[in-house]
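What follows is a single structure, written as structure tokens, with notes after it.
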Number of protein chains: 2
Amino acid sequence: MPMDHLSTTFATLADPTRRAILARLAVGEATVNELAAPFAMSLPAVSKHLKVLEHAGLITRGREAQWRPCRLEAGPLKEVAGWLEHYRRFWDDSFDRMADYLKEIQTKGDPDGRKN
Amino acid sequence: MPMDHLSTTFATLADPTRRAILARLAVGEATVNELAAPFAMSLPAVSKHLKVLEHAGLITRGREAQWRPCRLEAGPLKEVAGWLEHYRRFWDDSFDRMADYLKEIQTKGDPDGRKN
DNA sequence: AAGTTAATTAACCAATGAGTTAAATATAAG
DNA sequence: CTTATATTTAACTCATTGGTTAATTAACTT
């Protein structure tokens, strides 16, 4: 089944272990063992999570000797933020006020009241 | 398995059909049949998607005669936006500039250079 | 009362996801 | 060359997901 990008990103983020890994990587690069340490699960399990994260483009992995340092890649998160923007008006009160404000300065600054 | 709120939300959003339903509901309330119309799938399938959305708190359903009008609820989306904010600095260039700016006016406005 | 429309529930199936243990690979160090 | 460390792959299990069709419930219409 052809999984679109956004669906892949959301599915990847739908796991607390993976979100915890991202939170850790927000601090800085880390190896697989370092990332696995906090979790009560086997190393292969974490390795799988990393593969999922990598496949979603949320991390990249280098190689230094026998270590594969992982680092955060925020591209997909930016896409999510973009998607969310379409809905901001449903929860953000200041969003409406900002829209009002923009409309106001738009008409005030343009005596003809053109829309654009 | 105890599914945390955020995981439930992400899992729910990880399906293009469900995101399309939300997009439709952003325009206004709609019944199950109306929501199902655009999709090449059975009504029960859509009904299931709606149950998932409802369970995630992304929609609520009223009842008018034999119709169950659905409407968007943005609470969980706001939570996602909140979570995302922790990562904004990784993709938003202006975020750093804003941080710099805030730091600047903070020190400029306070001759003693106190941090808070 | 009978029929029509709206929606859900039941029973089923195939595919996926998240975990396991055991084995394999890769690199470094004695 | 052997061993230790870091990580991945293989093979398997179990639960969940997303879809199906057929049957059921609910409410309106005639």
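Reminder, nothing fancy here: chain letters follow the sequence lines and each chain counts from 1.
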Q: Give the C-alpha distance, both sets of side-chain angles, the deciding distance and a yes or no for side-chain contact (heavy atoms from CB on, under 4.5 Å) between A/V80 and B/W83.
A: CA-CA 11 Å; A/V80 170; B/W83 180 85; over 6 Å; no

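- Between the CG atom of A/L35 and the CD1 atom of A/I21 there is a distance of 6.0 Å, given to the nearest 0.5 Å.
- The shortest distance between the side-chain N/O atoms of B/H49 and the OP1/OP2 oxygens of D/dG19 is below 4.0 Å.
- Checked by atom type and distance alone, the side chain of A/Y87 never pairs as donor or acceptor with a backbone atom of B/K78 at under 3.5 Å.
- To the nearest 0.5 Å, atoms OG1 (A/T12) and NE2 (A/H55) are separated by 8.5 Å.
- Direction of the helix axis in the helix from C/dA1-D/dT30 to C/dG30-D/dC1 shifts by 10° between the two five-pair termini, rounded to 10°.
- Summarising the geometry, atom CZ belonging to B/F90 is positioned 9.5 Å from atom CG belonging to A/L77; distances are rounded to the nearest 0.5 Å.
- Evaluation of the salt bridge (charged side-chain N to carboxylate O under 4.0 Å, His left out) rule for A/E85 yields A/R88 as partners, not counting sequence neighbours.
- Applying a 4.0 Å cut-off to non-hydrogen atoms, none of the residues of residues 50-62 of chain A approaches DNA chain C.
- Here C/dG17 presents its C1' atom at 18 Å from CZ of B/F10, a figure rounded to the nearest Å.
- Under the rule for a ring pair (Phe, Tyr, Trp, His ring centres under 6.0 Å), A/W67 has no partner lying at least two apart in sequence or in another chain.
- Rounded to whole Å, atom P of D/dG18 lies 17 Å from atom CG of B/L43.
- Contact check for A/L58 versus A/V52: no side-chain heavy atoms found under the 4.5 Å cut-off.
- For B/E34, the salt bridge (charged side-chain N to carboxylate O under 4.0 Å, His left out) criterion is met by no residue, not counting sequence neighbours.
- Rounding to the nearest 0.5 Å gives a distance of 13.0 Å between CG of A/L43 and NZ of A/K48.
- Atom CE of A/M41 and atom C1' of C/dT20 are 12 Å apart (whole Å).
- In this structure, B/K48 places its NZ atom 9 Å from C1' of C/dC12, rounding to the nearest Å.
- Sorted by first and then second residue, the salt bridge (charged side-chain N to carboxylate O under 4.0 Å, His left out) pairs involving residues 58-69 of chain B (not counting sequence neighbours) are B/E54-B/R61.
- The stretch residues 12-25 of chain A touches DNA chain C through A/D15, A/R18, each having a heavy atom under 4.0 angstrom from the strand.
- Residues from residues 29-39 of chain A with heavy atoms under 4.0 angstrom of DNA chain D, sorted by number: A/T31, A/V32, A/N33.
- Residues passing the side chain to side chain contact (heavy atoms under 4.5 Å, CB included) test with B/P38: none are found, sequence neighbours excluded.
- By the side chain to side chain donor-acceptor pair (under 3.5 Å) test, A/H5 pairs with A/E79, sequence neighbours left out.
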Q: Output, in order, the C-alpha distance, side-chain angles, deciding distance and verdict of side-chain contact (heavy atoms from CB on, under 4.5 Å) for A/R71 and A/T60.
A: CA-CA 6 Å; A/R71 79 163 165 286; A/T60 50; 3.5 Å; yes

Restricting to nitrogen or oxygen on both sides, can you table the protein-nucleotides 23-28 of chain D pairs closer than 3.5 Å?
from	atom 1	to	atom 2	distance (Å)
D/dC28	O4'	B/Q66	NE2	3.4

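- Residues in residues 8-26 of chain A take part in these salt bridge (charged side-chain N to carboxylate O under 4.0 Å, His left out) pairs, two or more places apart or across chains: A/R19-B/D4.
- When hydrophobic clusters are built by joining Ile, Leu, Val, Met, Phe, Trp and Tyr residues whose side-chain heavy atoms come closer than 4.5 Å, directly or via intermediates, A/L6 is not grouped with A/M3.
- Look at A/S42 and you won't find any side-chain N or O under 4.0 angstrom from OP1 or OP2 of C/dG19.
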